[in-house]
There are 2 protein chains.
Amino acid sequence: MQFSFRMPVAAQILLCIAKFDGVFKTTSNFLASSVNINPVIIRKTLGQLKSAGLVEVAAGVGGAKLVKDPEKITLQEIFNAVEDDEDLFHIQDNPNPQCPVGRNIQQVLGRRLSTVKEHMLEDFSRITLADLLNDINNAEQNRQ
Amino acid sequence: MQFSFRMPVAAQILLCIAKFDGVFKTTSNFLASSVNINPVIIRKTLGQLKSAGLVEVAAGVGGAKLVKDPEKITLQEIFNAVEDDEDLFHIQDNPNPQCPVGRNIQQVLGRRLSTVKEHMLEDFSRITLADLLNDINNAEQNRQ
DNA sequence: CTCATTGTAATTCATGGTATTACAATGAGT
DNA sequence: ACTCATTGTAATACCATGAATTACAATGAG
């Protein structure tokens with residue numbers, strides 16, 4: 001069990017936009033070929049990133065641009081842009097109200113797990129797009 | 001997108017076993033009625049918890065018991081018992097090797113995200129079954 | 001031996017993520 | 001104004017997986 005593609009795809013999209021800014025027009029087809037995923041998924045994701053105020057997309061002409069500096073874009077924003085705001089874990093909806101464990105489990109576990117999720121988001125908030133871009137550039141250098 | 005029932009169910013099972021120790025025989029049917037889930041799922045989960053060395057199950061007779069004190073059982077153990085050891089996020093398997101972003105994204109994002117997962121597991125390791133049992137008992141008191 | 005229970009396999013069902021097709025709307029370039 | 005590549009979005013199909021369910025042999029105390 002793991003989270004879906006969404007956040008990693010969104011991150012890769014933003015990395016490409018940042019990396020190829022001014023060099024290539026980053027259309028959904030261009031981005032799709034980097035990620036190796038369907039262009040429609042790219043457009044949908046770009047729409048979510050646009051709603052989150054991270055990019056602007058040129059309808060008609062094509063291509064996307066960052067609205068904020070890579071230093072100002074965190075993985076938390078990216079995560080929130082493409083994932084619903086829901087609990088980390090699915091806790092059974094209808095536990096037995098007759099059972100002292102069942103009738104309290106949602107509240108008890110829910111509280112504990114929401115703290116864990118908050119910490120995860122804090123971790124994400126400390127990772128910026130600039131960090132990732134740096135990582136990519138370093139990895140490219142080491143490759144040679 | 002969220003994690004499945006598994007870990008919360010496993011936690012509830014262990015809580016019931018701890019809570020009803022010596023009072024009721026905690027068969028899969030008994031546990032299933034507290035969680036309100038199919039008994040087969042309970043048995044499968046109990047099997048995983050047994051493999052992890054957290055409980056012992058009386059085949060034939062029925063009923064399960066904790067092998068360790070609730071203070072010694074952490075949410076991390078429970079999580080690892082029922083979830084595969086895999087990355088937190090699914091990162092695209094076949095990114096474009098021609099693209100400088102595509103050919104490095106797995107390594108770069110993977111490293112960052114595995115750190116986040118480690119932190120999550122550390123959080124889990126600080127929550128014990130005894131903590132949850134306490135939470136349940138407190139919630140029960142406040143209910144009156 | 002009996003019988004409730006476990007362990008496990010097999011099957012079905014439902015959900016949700018991803019792929020794909022299709023097409024109207026957009027808007028710079030001519 | 002027209003063209004045309006591209007976006008935005010709906011609709012549909014497909015598939016993987018989690019959960020429910022059925023079935024039954026194996027277990028082991030009484």
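Proteins get letters first, then strands, A, B, ... in listed order; numbering begins at 1 in each.
Distance, A/F89 CZ to D/dG18 P: 13 Å, rounded to whole Å. A/D84 has its CG atom 14 Å from the C1' atom of C/dT15, to the nearest Å. Rounded to whole angstrom, the span from the NZ atom of A/K65 across to the C1' atom of D/dT6 amounts to 15 Å. Atom CD1 of B/I41 and atom C1' of C/dA10 are 14 Å apart (whole Å). Rounded to whole Å, the distance from CD1 on A/I42 to P on C/dG17 is 17 Å. Going from atom CD1 of B/I13 over to atom P of C/dT6 covers 11 Å, rounded to whole Å. Between the CD atom of B/E86 and the C1' atom of D/dG18 there is a distance of 13 Å, given to the nearest Å. Between A/N94 atom CG and D/dA19 atom P there is a gap of 14 Å when expressed in whole angstrom units.
Between the side chains of A/Q2 and B/D87, no donor N or O sits under 3.5 Å from an acceptor N or O.
The one candidate from B/K65, B/K50, B/R43 that meets the side chain to side chain contact (heavy atoms under 4.5 Å, CB included) condition with B/V57 is B/K50. The side chain to side chain contact (heavy atoms under 4.5 Å, CB included) test with A/I73 singles out one residue from A/L66, A/V55, A/L132, A/T128, and that residue is A/L66.
For the pair B/K25 and A/A59, both in contact range of DNA chain C, the more 5′-proximal nearest nucleotide belongs to B/K25. Mapping B/H90 and B/G60 onto DNA chain C by nearest heavy atom places B/G60 closer to the 5' end of the strand. The residue among A/Q2 and A/A64 whose nearest nucleotide of DNA chain D is located toward the 5' end is A/A64.
Proximity of A/Q141 to A/N137: side-chain heavy atoms (C-beta onward) are nowhere separated by under 4.5 Å.
In terms of the ring pair (Phe, Tyr, Trp, His ring centres under 6.0 Å) criterion, residue partners of A/H90 (sequence neighbours excluded) are, by chain and number, B/F5.
Pairing each heavy atom of A/S125 with each of A/T74, the nearest pair is O-CG2, 3.4 Å.
The A/T27 side chain lies nearest to D/dT6 when the options are D/dA19, D/dT6, D/dA29. For B/R6, counting side-chain heavy atoms from C-beta on, the closest listed nucleotide (D/dG28, C/dT6, D/dG18) is D/dG18. Distances from the side chain of A/V57 to the nucleotides C/dG27, C/dG7, D/dT7 place D/dT7 closest.
Remark: B/K44 is not in phosphate contact with C/dT6, judged by side-chain N or O atoms under 4.0 Å from OP1 or OP2. Residue A/K50 has a polar side-chain atom (N or O) positioned under 4.0 Å from OP1 or OP2 of D/dG8. One finds no side-chain N or O of B/N38 lying less than 4.0 angstrom from the OP1 or OP2 phosphate oxygen of D/dA19. Taking side-chain N and O atoms only, A/S4 has no distance below 4.0 Å to OP1 or OP2 of C/dG17.
Across every strand in view, D/dA11 sits in a pair with C/dT20 that passes the Watson-Crick or G-U test at under 3.5 angstrom. Shown here, D/dA26 forms a base pair with C/dT5; the pair counts as Watson-Crick or G-U wobble because both key distances fall under 3.5 Å.
A donor-acceptor contact under 3.5 Å is not formed by the side chain of A/R43 with the base of D/dT6.
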